[in-house]
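Here's the structure, in structure tokens; my notes come after.
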Number of protein chains: 2
Amino acid sequence: MNCTEVTHLLHAEGKRITGERRVLLRIITDNPHLDAAEIYQLARKEATKLSLSTVYRTVKLLKELGLVQLSDLGKGHHHYELDLKEHYHFICLGCGKVVEIPPISAFQELAEKRGFEIIGAKVQLVGYCTKCCKKRARGTMVRFAML
Amino acid sequence: MNCTEVTHLLHAEGKRITGERRVLLRIITDNPHLDAAEIYQLARKEATKLSLSTVYRTVKLLKELGLVQLSDLGKGHHHYELDLKEHYHFICLGCGKVVEIPPISAFQELAEKRGFEIIGAKVQLVGYCTKCCKKRARGTMVRFAML
DNA sequence: CTCGATGCAAAGTGTTTGCAGTACG
DNA sequence: CGTACTGCAAACACTTTGCATCGAG
């Protein structure tokens, strides 16, 4: 789902394509994991008068149309991701980095066995990235085995 | 990780085991996906004077010790889940039901290949459950193919 | 032109914190 | 008995809403 497609869908839904929306849609389709404040910050560079309300209203609209999904990657507030087709993330507990990982194909069998219909998959692996693994190996012990 | 184990760990960390914490720990270890308000509501049945602050403080404590994980199952606010070892959820877009599904084993290879260390996995499949699939089959068309 | 979209400020949520009193260890 | 924990209320951060105005269709 790219910017143009989203715009077409909005239009098809009878929504108006305003300057603000054009800017917001491009930013949201270009960037995978932004929160409202980050979208606002980027948008203000192009549409200087744009308000935070409009960011929220646009994001809410996209959410209602099923084009965007809320996610909380452990940062305590919402991030927005374009559509819910597939999201495979590895989140590093050491540095907080979020890395995209390739999809895993084992889900469809499960759905068939259970009579579910799977629309999207969201996988979050949590752990330590290569760099933080090394850092931890040399560093002090962690509190518990599980941390 | 059960209630007793969590209590032991708290104690080992030099934390005090108060009446409030006993109640909260039991509720949190017994229930997989509660939010702060729900924990509070349940806890008030046993500890009538317990405050919402204490719920938040306890949950925060558990989070800092790595015993509980925040998650946003698309409801717009935080739910708390005991530890981050493994969480496999199927979320129904029709009725909002959250179903536990069995773990998938394909992650470890990935980690080895990339030099990651995986501590926990959180998988959210999104779609329609058996009941809602049938309902949809008879019902009206949805807005877009993707919804 | 008309009605949906916007900016602004004010109101709502959910969460955190300061402080004085309480009770665990 | 000291100090970590608690309840309460006030502060805070993020999100939503009411209203007058603007502008896409």
Side-chain angles (χ1 to χ4, degrees), chain A residues 6-28 33-65 67-80, chain B residues 6-28 33-65 68-81:
Chain A
V6 173
T7 309
H8 287 338
L9 280 173
L10 265 198
H11 189 250
E13 272 289 289
K15 304 298 176 189
R16 294 183 178 168
I17 310 302
T18 65
E20 291 85 351
R21 283 188 182 163
R22 251 187 275 271
V23 172
L24 291 173
L25 292 182
R26 190 158 30 71
I27 290 174
I28 292 170
H33 323 288
L34 299 180
D35 64 27
E38 289 165 341
I39 296 172
Y40 178 61
Q41 232 177 320
L42 284 176
R44 285 297 285 257
K45 290 181 184 168
E46 309 178 43
T48 350
K49 291 191 57 185
L50 183 138
S51 78
L52 191 52
S53 318
T54 300
V55 173
Y56 279 112
R57 277 192 275 233
T58 303
V59 153
K60 192 180 178 190
L61 176 66
L62 295 176
K63 194 170 61 181
E64 282 163 5
L65 295 179
L67 301 179
V68 129
Q69 196 193 15
L70 275 166
S71 84
D72 182 331
L73 296 175
K75 308 210 173 147
H77 56 288
H78 294 148
H79 284 236
Y80 302 96
Chain B
V6 173
T7 310
H8 287 338
L9 281 174
L10 266 198
H11 189 248
E13 273 288 290
K15 303 299 175 187
R16 292 184 179 168
I17 309 303
T18 66
E20 290 85 352
R21 283 188 181 164
R22 249 187 276 272
V23 172
L24 291 174
L25 291 182
R26 190 158 30 71
I27 290 174
I28 293 169
H33 324 287
L34 299 180
D35 64 27
E38 289 166 341
I39 296 171
Y40 178 62
Q41 231 177 320
L42 285 176
R44 285 296 284 258
K45 290 181 183 168
E46 309 178 43
T48 348
K49 290 191 57 184
L50 182 138
S51 78
L52 191 52
S53 318
T54 300
V55 174
Y56 279 111
R57 278 192 275 233
T58 304
V59 152
K60 193 181 176 189
L61 177 66
L62 295 176
K63 194 170 62 182
E64 283 163 5
L65 295 179
V68 130
Q69 195 195 14
L70 276 167
S71 84
D72 182 331
L73 295 176
K75 309 211 172 145
H77 56 289
H78 293 149
H79 284 235
Y80 301 96
E81 295 176 354

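Below, chain A is the first sequence line, B the second, and so on; all start at residue 1.
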Between [atom2] on [N] and [atom1] on [X], what's the gap in Å once rounded to a whole number?
| X | N | atom1 | atom2 | result |
| --- | --- | --- | --- | --- |
| B/His79 | C/dG14 | NE2 | C1' | 12 Å |
| A/Leu10 | C/dA5 | CG | C1' | 12 Å |
| B/Lys60 | C/dT17 | NZ | P | 5 Å |
| B/Glu20 | D/dG7 | CD | C1' | 9 Å |
| A/Leu34 | D/dC14 | CG | P | 15 Å |
| B/Tyr56 | C/dT15 | OH | C1' | 5 Å |
| B/Gln41 | C/dG14 | CD | P | 12 Å |
| A/Leu52 | C/dA9 | CG | P | 13 Å |

Side chain of B/Ser53 only, heavy atoms from C-beta on: which candidate in C/dT6, C/dT16, D/dT15 is closest? C/dT16
Residue met sooner reading DNA chain C from 5', once A/Arg44 and A/Leu61 are mapped to nucleotides: A/Leu61
Of the non-hydrogen atoms in [X] and [Y], which two are nearest, and what is the gap between them?
| X | Y | value |
| --- | --- | --- |
| A/Leu34 | A/Ile39 | CB-CG1, 3.6 Å |
| B/Arg44 | B/Leu50 | NH1-O, 2.9 Å |
| B/Ala47 | B/Val23 | CB-CG2, 4.4 Å |

Do nucleotides 19-25 of chain D as a string where each nucleotide becomes B, S or -: B if the base has a protein heavy atom under 4.0 Å, S if just the sugar-phosphate does, - if no protein is that close. ----BBS
At under 4.0 Å, does any side-chain N or O of B/Arg21 touch on OP1 or OP2 of D/dA4? no
A/Arg21: salt bridge (Lys or Arg N to Asp or Glu O under 4.0 Å) partners, not counting sequence neighbours: none
B/Val68 vs B/Val6 side-chain heavy atoms within contact, under 4.5 Å: no
Are A/Leu10 and A/Leu25 close enough that some pair of their side-chain heavy atoms sits under 4.5 Å apart? yes
Would B/Arg22 and B/Ile17 count as a side chain to side chain contact (heavy atoms under 4.5 Å, CB included) here? Give the steps. CA-CA 7 Å; B/Arg22 249 187 276 272; B/Ile17 309 303; 3.5 Å; yes
